[in-house]
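Below: one structure, written as structure tokens.
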Amino acid sequence: MSTKPVVVYGASGYTGRLICEYLRELNVPFVAAGRDKDRCQEVVGRIPGIETADVDIVEVEHTVEALTDLFRGASVVCNTVGPFIRYGFEVAEACLATGAHYLDTTGEQDWVMAAQERFGTDFADAGLLLSPGIAQMYTTGEIAANIALETPGLDTLDVLVLWKGFPTYASTQTIFTILKADWFHLQENQYVKVDPLSRWDVVVPGRHELGLAVPWGGTSHPVWFKNDPRVANVTVAGGVMNRPVMEAVVATTAAVESDVKTLPRDQWDDALAAVADQWATGMPPRENPRLNVSVDSVHASGPLGRKHVVIHGNSNYKQTGLLQAWAAMSLLQQPPLKAGFASGCQAFGHRQLLGVLRQFGLVLDPVVTEHR
Ligand SMILES: NC(=O)c1ccc[n+]([C@@H]2O[C@H](COP(=O)([O-])OP(=O)(O)OC[C@H]3O[C@@H](n4cnc5c(N)ncnc54)[C@H](OP(=O)(O)O)[C@@H]3O)[C@@H](O)[C@H]2O)c1
């Protein structure tokens, strides 16, 4: 049973810790939970100023029963235990059983779709928010897209999301877990499969050097805009701002297609985990805003208009931590704008979320150019 209104599950991880940091700054009492109490204690205990936070540290087993016991009494759960297509179901199930809003940090299109299908109606009926993916990938780009869509008559979104930094252990596992799934863009309001071997040279706003981007699992944007009457088409390219790394991602994706996806299905998980382990580099250093930058760029177009919105930011894991903590804080004070399955912008408003990121120095004012 939680004696605090917010539970951060996965608090021993890189992103869980950042959510805890921002909950402290927002003065929200919380439970820092994970499968290993000592690890949670060690990680959370190193947060500067943690002695001023109202926090309990709790060990919990990853089962619906144990998570349900823990979440009872809480209003919001921030889940950072990914890959979510592997570990998310139990957590969402426990939220539903206890009447807690569910937030997570996923960037996995297949999990976003699965969560919508399996839990969307039940969360809506209970008046609870089910928001997989309140995170830099892809909430910041969703903010840019919604700023573009403030101009009526633009129905096509061409999105680019890039960041500079090192993925964490779970992020790396996640990036490779996504390779199991089919990936989709949106064409005339219908999902269309994307070739996993697609690669694009992209013009990165603010740079002369071309970037290399890939479908990055399809991303959440096609799902968020599927039932948006303003939007018919969504394509997304993403990756990290490091061309040699992206060349290696392309080569690894090709190897997975030829060497892993040709194995019997029950062998894929182990084979993919082995590939991911080759990439794992341990816990990345704390982000440095001079080095760890992000760019979210959206070209929106329609027959009689064009608009380009760019959000330059920094510290994409910190953006994620802040967005989660702020969303949790907001849910303690008022209901979401939309209950059930909803994106960050649908639940809290894109201008509001932009303001939060600006308030903490994590993004610049968007650069907007428009022709009509
Ligand atoms: N979309 C975005 O922009 C964005 C941003 C940040 C993170 N993410 C995603 O969020 C997830 C977490 O990332 P992270 O940076 O926090 O990774 P991390 O540092 O590797 O932390 C992962 C957390 O999950 C826990 N965990 C792993 N396997 C578990 C299991 N079987 N049962 C219970 N707990 C388990 C870990 O516990 P232990 O410490 O005990 O191992 C740890 O607390 C990843 O899927 C990542 O892709 C996405």
Side-chain angles (χ1 to χ4, degrees), residues 7-22 32-44 57-64 66-67 70 77-91 94 103-112 131-143 161-178 216-221 224 236 238-240 269 273 276-277 279-287 292 294 296 313 315-325 343-344 357 362:
V7 176
V8 180
Y9 180 48
S12 55
Y14 192 90
T15 310
R17 171 192 159 137
L18 289 169
I19 299 172
C20 295
E21 286 193 39
Y22 284 112
R35 62 177 164 178
D36 183 320
K37 184 171 180 174
D38 291 345
R39 236 184 341 255
C40 289
Q41 178 67 58
E42 204 222 315
V43 169
V44 175
I57 298 189
V58 173
E59 180 167 301
V60 62
E61 207 184 312
H62 189 81
T63 61
V64 176
L67 292 165
L70 172 64
V77 172
C78 300
N79 180 21
T80 66
V81 175
F84 296 89
I85 194 71
R86 195 180 301 158
Y87 300 124
F89 290 96
E90 293 88 343
V91 189
L103 315 176
D104 75 28
T105 53
T106 196
E108 300 155 58
Q109 187 185 75
D110 55 343
W111 164 242
V112 176
S131 198
I134 297 194
Q136 190 265 329
M137 276 181 154
Y138 297 98
T139 304
T140 309
E142 196 202 358
I143 294 170
V161 46
L162 290 172
W163 56 282
K164 200 185 252 182
F166 306 96
T168 59
Y169 179 79
S171 288
T172 309
Q173 292 287 330
T174 300
I175 288 163
F176 287 98
T177 301
I178 298 173
W216 212 248
T219 84
S220 307
H221 297 297
W224 297 140
V236 191
V240 293
D269 280 343
D277 281 341
W279 280 69
T281 51
M283 190 72 106
R286 189 169 175 79
E287 287 168 310
N292 301 111
S294 63
D296 286 90
S315 311
N316 67 310
Y317 282 90
K318 283 191 200 164
Q319 289 181 44
T320 301
L322 173 61
L323 288 166
Q324 285 279 324
S343 68
L357 291 171
L362 295 175

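What you see is a predicted model; the values in this text were computed from it and never measured. Order of appearance sets the numbers: ligands from 1, and atoms from 1 within every ligand. As a basis for the values below, the full set of heavy atoms in this structure was taken, side chains included, without hydrogen atoms, waters or symmetry mates.
- Counting only distance, with no hydrogens or angles, the side chain of Glu90 and the backbone of Leu67 share no donor-acceptor pair below 3.5 Å.
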Give the C-alpha distance, both sets of side-chain angles, the deciding distance and a yes or no for side chain to side chain contact (heavy atoms under 4.5 Å, CB included) between Lys318 and Tyr22. CA-CA 9 Å; Lys318 283 191 200 164; Tyr22 284 112; 3.8 Å; yes

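- Residue contacts with ligand 1 do not include Trp163, since none of its heavy atoms lies under 4.0 Å from the ligand.
- For Thr80, the heavy-atom gap to ligand 1 drops under 4.0 angstrom.
- For the pair Met137 and ligand 1, the shortest N or O to N or O distance falls below 3.5 Å.
- The minimum heavy-atom distance between Cys20 and Ala32, with the atom names listed, is SG-CB, 4.2 Å.
- Of the heavy atoms in Val43, none comes closer than 4.0 Å to ligand 1.
- Judged as a side chain to side chain contact (heavy atoms under 4.5 Å, CB included), and not counting sequence neighbours, the contacts of Phe166 are Pro284, Pro285.
- Nearest approach of Ser315 to Leu362, heavy atoms of both residues: CB-CD2, 4.2 Å.
- Regarding atom 30 (C) of ligand 1, its nearest protein heavy-atom neighbour is Arg35 NH1, 3.5 Å.
- For atom 39 (O) of ligand 1, the closest non-hydrogen atom of the protein is Ser12 OG, 2.6 Å.
- Ligand 1 has no N or O atom lying under 3.5 Å from any N or O atom of Met283, backbone or side chain.
- With a heavy-atom cut-off of 4.0 Å, Tyr9 touches ligand 1 through its side chain alone.
- Every atom of ligand 1 is numbered from 1 in the order shown, and the set under 4.0 Å from a heavy atom of Gln136 is 3 (O).
- Phe176 and Trp279 have tilted rings, their planes meeting at an angle from 30° to 60° on a 0 to 90° scale.
- Residue contacts with ligand 1: Glu108 is placed with no nitrogen or oxygen under 3.5 Å of a nitrogen or oxygen of the ligand (distance criterion only).
- Contacts between Val81 and ligand 1, counted as non-hydrogen atom pairs separated by less than 4.0 Å, involve both the backbone and the side chain.
- At under 3.5 Å, a nitrogen or oxygen of Thr15, whether backbone or side chain, sits near a nitrogen or oxygen of ligand 1.
- The protein non-hydrogen atom at the shortest distance from atom 19 (O) of ligand 1 is Tyr14 N, 2.8 Å.
- Below 30°, between 30° and 60°, or above 60°: for His62 and Tyr9 the angle between ring planes is below 30°, a parallel geometry.
- Annotation: side chain of Val236 is not in contact with side chain of Trp216 (no heavy-atom distance under 4.5 Å).
- Interface of Tyr317 with ligand 1, defined as ligand atoms under 4.0 Å from a residue heavy atom, comprises 6 (C), 7 (C), 15 (O).
- Taking only nitrogen or oxygen atoms, main chain and side chain alike, Arg39 reaches within less than 3.5 Å of ligand 1.
- Atom 5 (C) of ligand 1 has Thr320 OG1, 3.4 Å as its closest protein atom, hydrogens excluded (heavy atom only).
- The shortest N or O to N or O distance between Tyr138 and ligand 1 is not under 3.5 Å.
- Of the options Asp38, Thr105, Asn79, the smallest heavy-atom separation from atom 9 (C) of ligand 1 is shown by Thr105.
- Ser171 OG, 3.4 Å is the protein heavy atom nearest to atom 46 (C) of ligand 1.
- For atom 45 (O) of ligand 1, the closest non-hydrogen atom on the protein side is Thr174 OG1, 2.8 Å.
- Proximity to Gly82 (heavy-atom distance under 4.0 Å) selects the following atoms of ligand 1: 45 (O).
- Counting heavy atoms from C-beta outward, Glu108 and Thr174 have side chains that approach closer than 4.5 Å.
- In this structure, a donor-acceptor pair under 3.5 Å is present between the side chains of Asp277 and Gln173.
- Here the heavy atom of the protein found nearest to atom 21 (O) of ligand 1 is Gly13 CA, 3.3 Å.
- Residue Ala170 has at least one nitrogen or oxygen atom sitting less than 3.5 Å from a nitrogen or oxygen atom of ligand 1, judged on distance alone.
- To the nearest 0.5 angstrom, Glu59 atom CD is 10.5 Å from Arg35 atom CZ.
- Under the side-chain hydrogen bond (donor to acceptor under 3.5 Å, both in side chains) criterion, Thr177 pairs with Arg86, not counting sequence neighbours.
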Give the intermediate values and the outcome of side chain to side chain contact (heavy atoms under 4.5 Å, CB included) for residues Leu18 and Thr320. CA-CA 8 Å; Leu18 289 169; Thr320 301; over 6 Å; no

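- Close N/O approach between Gly10 and ligand 1 is found [any backbone or side-chain N/O within under 3.5 Å].
- Listed by number with element, the atoms of ligand 1 under 4.0 angstrom from any heavy atom of Thr106 are 1 (N).
- Side-chain contact between Trp224 and Val112: present, with at least one pair of heavy atoms (C-beta onward) separated by less than 4.5 Å.
- Checked by atom type, the side-chain pair Ser171/Tyr14 shows no donor-acceptor distance below 3.5 Å.
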